2 protein chains.
Amino acid sequence: MREITLPESGPKRKLLDAAEQLFAEKGFEAVSVRDITQLSKANVAAVSYHFGSRENLLTLVMTRYMTPVNEERIVRLEALERKWTGKSVPLEEIIEAFVRPLVGQVRKSELSERLFYKLMGRIFGQQGDGLPPQIEEQLRNVVVRFTRALAKALPAVNADDLAWRIHFMVGGMIHLLAHQDLFQRLTPGTSGTPPMESIVSRFIRFSAAGLREGVEAEAPTPKGPQVMFDF
Amino acid sequence: MREITLPESGPKRKLLDAAEQLFAEKGFEAVSVRDITQLSKANVAAVSYHFGSRENLLTLVMTRYMTPVNEERIVRLEALERKWTGKSVPLEEIIEAFVRPLVGQVRKSELSERLFYKLMGRIFGQQGDGLPPQIEEQLRNVVVRFTRALAKALPAVNADDLAWRIHFMVGGMIHLLAHQDLFQRLTPGTSGTPPMESIVSRFIRFSAAGLREGVEAEAPTPKGPQVMFDF
DNA sequence: AAATGATTGAATCGTCCGTTTGACATTGGT
DNA sequence: ACCAATGTCAAACGGACGATTCAATCATTT
């Protein structure tokens, strides 16, 4: 699993951390290099000097966590396919392999949980314009691989239907990341934000139900107490 | 149902149409006043003259279809509650009342279907920062009303769970709008874009299944042929 | 201590932005 | 025909942007 190596301290690291924080808070287009250098108490020229250009810094921020996430997704999926050779992989485990890596990367950043997920959401939301080509390709690969796996897990669902259902699921995930905080403001009745783990668990159940809509034996999953995932 | 009145032709209308097109294509922040006036063959000063400021034009574009959509959502929901007084409103009909108004407004713009939905998706995606306060309030109201209705339709689902499931559903809808075209590039195996109507139908089924996940009598809906909605 | 290369700082470049100005053209009512 | 209101236009404004320059400073090695 490739890691993007960076100095643990120093001005370069400070710039990157500031950039991440501001990008997460205000979005990629709304942050100037002057904002970044001001927050990290560096000179305006620092970004050009250390990263070459604002654009480079931007793709570095985007790549830094996104690439490990996408690689872990593939690794997890392949592990599942190895584990269930012959048999079909349970739907919930596939979805978990898709979402879980996001939770796993959160601790590797200096950002708060809230900002980290927001940053991830913003990156995913850029799909179609503004994403570095490498990430676009990673995402395409991930979608293709997971679509194949889900098709195997749901042979009764026609290909077009399945593709759209995956589309909806991905949308739900992006929204969950980007607007986790907004959720509170819109639904004041609910109790405070639960830990991401329990939200992910809810997301997996929601998506699984949506994906297997209309399938006969509605759930081959044991209906017992929920210790299926350790969160 | 309030309408935003605008001249059917003239430079003001031309500016607005150009603005809508460009905002839909490139996003709100990526379009300059000069882009707009150039496309509509007007002078740079035209936007300031006719709309006061770029900001005003922006909120006008955002309000123009969004307000009717949100109002129609409420109207439809109230109609459903009248129709099913006493009984609980079927889940699918509530979701339809939530999504359908978007399809209804598409013909009122000069934009192609593709661009119109993209514009709507961009507006929804701005939630949290950059939306005119009036629209934020409309959305909050819509979410509250529909949450109440869905809670009645799904008494077995606990409030927190339901709120999150709605959150996921909304995310799916936004993604569907904003990245309808992206869907194709990511899943090349599928046949060409079906009409929005059939996508909406798929979305309703997906969301309904996700919302009622874990509920005992899995579907009180007739399992017969699908003439439930006329699309 | 001197020399060398890496980093910083202040100033400045050219460009694009939204908006304003003031001269000019068009229109419609009297 | 006149005038006032309305609309259009090229030009320019001040500001923010990303990037660059170049001298000053720092750290490391010799």
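Below, chain A is the first sequence line, B the second, and so on; all start at residue 1. Every heavy atom of this structure was used, including side-chain atoms; hydrogens, water molecules and symmetry mates were not. Everything numeric here is computed off the predicted structure, so don't read it as measured data.
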**Fill in**
A:Gln126 meets the side-chain contact (heavy atoms from CB on, under 4.5 Å) criterion, sequence neighbours left out, with A:Phe28, A:Met62, A:Asp129, A:Leu131
**Request:** Taking side-chain contact (heavy atoms from CB on, under 4.5 Å) as the test, write out the residues that go with A:Val103, two or more places apart.
**Result:** A:Arg100, A:Tyr117, A:Met196, A:Glu197, A:Val200
**Asked** Just one of B:Gln134, B:Glu72, B:Gln138, B:Gln105 clears the side-chain hydrogen bond (donor to acceptor under 3.5 Å, both in side chains) bar with B:Thr67, so which one?
**Response** B:Gln138
For [X] and [N], what is the distance between atoms [atom1] and [atom2] respectively, to the nearest whole Å?
X	N	atom1	atom2	result
A:Arg13	C:dT7	CZ	P	17 Å
B:Lys14	D:dG7	NZ	C1'	14 Å
A:Gln38	D:dG18	CD	C1'	16 Å
A:Phe51	C:dA6	CZ	P	17 Å
A:Leu57	D:dA19	CG	P	10 Å
B:Lys41	D:dT8	NZ	P	15 Å

side-chain hydrogen bond (donor to acceptor under 3.5 Å, both in side chains) involving [X] - partner list, sequence neighbours excluded:
X	value
A:Arg145	A:Glu78
B:Arg54	none
B:Ser32	B:Asp35

**Prompt:** Between B:His50 and D:dT8, does any side-chain N or O lie under 4.0 Å from OP1 or OP2?
**Reply:** yes
**Item:** Axis deviation across the helix from C:dA1-D:dT30 to C:dT30-D:dA1, five-pair ends, to the nearest 10°
**Value:** 10°
**Asked** How would nucleotides 11-25 of chain C be written as a contact map, 5' to 3', with B for base contact, S for sugar-phosphate-only contact and - for no contact, using protein heavy atoms under 4.0 Å?
**Response** ------BBBBB----
**Qualifying salt bridge (Lys or Arg N to Asp or Glu O under 4.0 Å) pairs, either residue in residues 162-177 of chain B, two or more places apart** = B:Arg165-B:Glu213
Under 3.5 Å, which donor-acceptor pairs do the side chains of residues 19-26 of chain A form with other protein atoms, sequence neighbours left out?
unit_1	atom_1	unit_2	atom_2	d
A:Glu20	OE1	A:Arg64	NH1	3.4
A:Glu20	OE1	A:Tyr65	OH	3.3
A:Glu20	OE2	A:Arg64	NH1	2.2
A:Glu20	OE2	A:Tyr65	OH	3.2

